[in-house]
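This report refers to the structure that appears directly beneath it.
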Amino acid sequence: MRGLETGIVTHPTVHADWDRYFERRLGRGNRYVPDSRVWEDMINLVVRADDLGYDFVFAPEHHVSPYGLSPDPLQWMTYVAGRTRRINLGTSVVVLPWHHPLRVAEQMSLLDNVAPGRRKLFGVARGVAPFEYAALQVPYDDRRARFDESVDIIKLALTEDSFSYDGEIFTLPEMTLRPQPVNRELADSLLVAATSDETLVEGGKRGLGLLYAGQKSTDFIRTDLAALNTERTQRGWEPVQPVLLVWMVCASSEQAAYERFVQAIGVHLFELTNNYAQAMWDESPTYADFVTNLRGRSTTEDHAKVQAFIDKQVWGTPAQCLEKVRAIQEGTGASNISFQIQFGDLTNTEALDTITAFAGDRGLDKLHSIPADPPDWLIEDAYAASAPAAVAR
């Protein structure tokens, strides 16, 4: 029996710094907390998670805003490998259109060489924030082609002794990746973080797994998983289980955990709006006006969506959190459910308290005992669309 795995997500942000960013008073500097201190917090989380026995650490990629002080998750994972004893390494995600694919393959292979005994899960995606594309001077309109070709090149580089490529975006002469990866199955560690049906289909065609940040219901996750796995099986790959990233607050009482979760997730969701809907800023002369205007637009339907999001996450006492994780795994067939534990206005101390409380009283042993073999429905859904239609008599 395969047991469920878990981990943490490091997502360094400065939630209070949006007014300075919005009003472009950039020379004033971040008056809230030095960026170096934010990264000290991330190191604290990783070291504690490693000591407690969590299986993985994940990191996203973002640029030039208070939401994203994590511009290079693969560089961060290389540091994590040297700073920790056993924890495995993941990205959530590397935004492929922002990079030359050969450089990404080199970084992945180098990480595999310096940490050959650590397993890797490389989440990759297209990225959706136009301002990040503009900052990096990468064309926004061809991001689909850049993503698809990048996946093709990375898989060739990680699996072939020599390779070349001739595409619409990239043309590479014959070459060999150096250093070669230690683990020849490293390309199987690529997971697509999909937000559209097209991405699911193209990811499945290329043999990618599925990484999911937990915004959707179980039914939607299963539908998306079936779409990706159908494409995989039609091309000879086995169906895969998803890796899920959910938000968690674990405390001594259900009420305390819920109240703190609601407060923090409200700040976090507002940060998401700040980061991904910056075009709305043009309607407001100051950040305070933007906040007021946005709150004024809030509807009953919006509140219902936020509550539905909260209900799909993990909060409560350690025992309650474990049962919620168990229910998520049973509903989605996940092989790994990892936690975002410092988000919104949660402090590093609170995040450390969450992962410590959840791991206490053999909490991780209990989580690892949750069966996580591929469920029958996952296999059936993957092959159902691949089966030839019955011949009418």
Just wondering, do [Y] and [X] contact through their side chains at under 4.5 Å, heavy atoms?
| X | Y | value |
| --- | --- | --- |
| D41 | P12 | no |
| I370 | L322 | yes |
| D50 | V80 | no |
| L378 | V240 | no |
| L4 | V325 | yes |

Do side-chain atoms of [X] reach the backbone of [Y] as a donor and acceptor pair under 3.5 angstrom?
| X | Y | result |
| --- | --- | --- |
| Y54 | I355 | yes |
| T233 | A382 | yes |
| K305 | E301 | no |
| E231 | A227 | no |
| N348 | M42 | no |
| K324 | W315 | yes |
| S70 | P73 | no |
| T13 | P66 | no |
| N229 | Y383 | no |
| D19 | Y287 | no |

TODO: State yes or no: are the ring centers of Y67 and H11 separated by less than 6.0 Å?
DONE: yes
Are [X] and [Y] joined in one hydrophobic group, where the rule is that I, L, V, M, F, W and Y side chains link up if heavy atoms are under 4.5 Å apart?
| X | Y | answer |
| --- | --- | --- |
| I341 | V33 | yes |
| V267 | F22 | no |
| F220 | L225 | no |
| V128 | F270 | yes |

Open item on the list: Just to verify, what does T299 make a side chain to side chain donor-acceptor pair (under 3.5 Å) with, not counting sequence neighbours?
Closed with: D302
Output all residues satisfying side-chain contact (heavy atoms from CB on, under 4.5 Å) with [X], sequence neighbours left out; order by chain, then residue number.
| X | value |
| --- | --- |
| W237 | K155, R232, R235 |
| A319 | T317 |
| S189 | F122, L186 |
| E149 | Y165, E168, I169, F170 |

TODO: Please indicate whether D311 has more than 12 foreign heavy atoms, meaning atoms of other residues, nucleotides or ligands, lying under 6.0 Å from its CG.
DONE: yes
TODO: Return yes when atom CZ of R85 has more than 12 non-hydrogen atoms of other residues, nucleotides or ligands closer than 6.0 Å, and no otherwise.
DONE: yes
Donor on one side chain, acceptor on other, [X] and [Y], under 3.5 Å:
| X | Y | answer |
| --- | --- | --- |
| Q263 | E259 | no |
| D219 | S217 | no |
| S335 | R2 | no |

How would you list all residue pairs meeting salt bridge (charged side-chain N to carboxylate O under 4.0 Å, His left out) that involve [range], not counting sequence neighbours?
| range | answer |
| --- | --- |
| residues 113-132 | E5-R119, D112-K120 |
| residues 326-336 | E323-R326 |
| residues 181-205 | R144-E198, D161-R184, E202-K205, E202-R206 |
| residues 260-281 | R260-D345, R260-E350 |

Task: Verdict with reasoning, S109 to N113, per side-chain contact (heavy atoms from CB on, under 4.5 Å) - done: CA-CA 6 Å; S109 185; N113 275 265; 3.6 Å; yes
- [ ] With sequence neighbours excluded, give me every ring-ring contact (aromatic ring centres under 6.0 Å, His included) pair touching residues 73-92.
- [x] W39-W76, W76-Y79
TODO: Keeping to residues at least two apart or across chains, list the ring-ring contact (aromatic ring centres under 6.0 Å, His included) pairs with something in residues 140-164.
DONE: Y133-Y140
- [ ] Check salt bridge (charged side-chain N to carboxylate O under 4.0 Å, His left out) between R295 and all other residues, then give those that pass, not counting sequence neighbours.
- [x] none
Task: Electrostatic pair D361-K366, nearest N-O below 4.0 angstrom - done: yes
Open item on the list: side-chain contact (heavy atoms from CB on, under 4.5 Å) for L269 and T273? Distances and angles first, verdict last.
Closed with: CA-CA 6 Å; L269 293 177; T273 301; 5.9 Å; no
- [ ] Determine, step by step, whether L210 and L200 satisfy the side-chain contact (heavy atoms from CB on, under 4.5 Å) criterion, reporting the C-alpha distance in whole Å, the side-chain angles of both residues, the deciding distance to 0.1 Å, and the verdict.
- [x] CA-CA 8 Å; L210 183 60; L200 287 166; 3.8 Å; yes
- [ ] Please work out which of the three classes, parallel, tilted or perpendicular, describes the rings of F339 and F358, given edges at 30° and 60°.
- [x] perpendicular
Open item on the list: Ring-plane angle category for W18 and Y21, please: parallel below 30°, perpendicular beyond 60°, tilted otherwise.
Closed with: perpendicular
Task: Full working for side-chain contact (heavy atoms from CB on, under 4.5 Å) between S92 and V9 - done: CA-CA 8 Å; S92 60; V9 181; 4.0 Å; yes
Open item on the list: With ring pair (Phe, Tyr, Trp, His ring centres under 6.0 Å) as the criterion, how do W247 and F261 come out once you've worked through the C-alpha distance, each side chain's angles and the decisive distance to 0.1 Å?
Closed with: CA-CA 9 Å; W247 285 255; F261 188 96; 8.2 Å; no
Open item on the list: Rounded to the nearest 0.5 Å, what separates atom CD1 in I87 from atom CG in D55?
Closed with: 7.5 Å
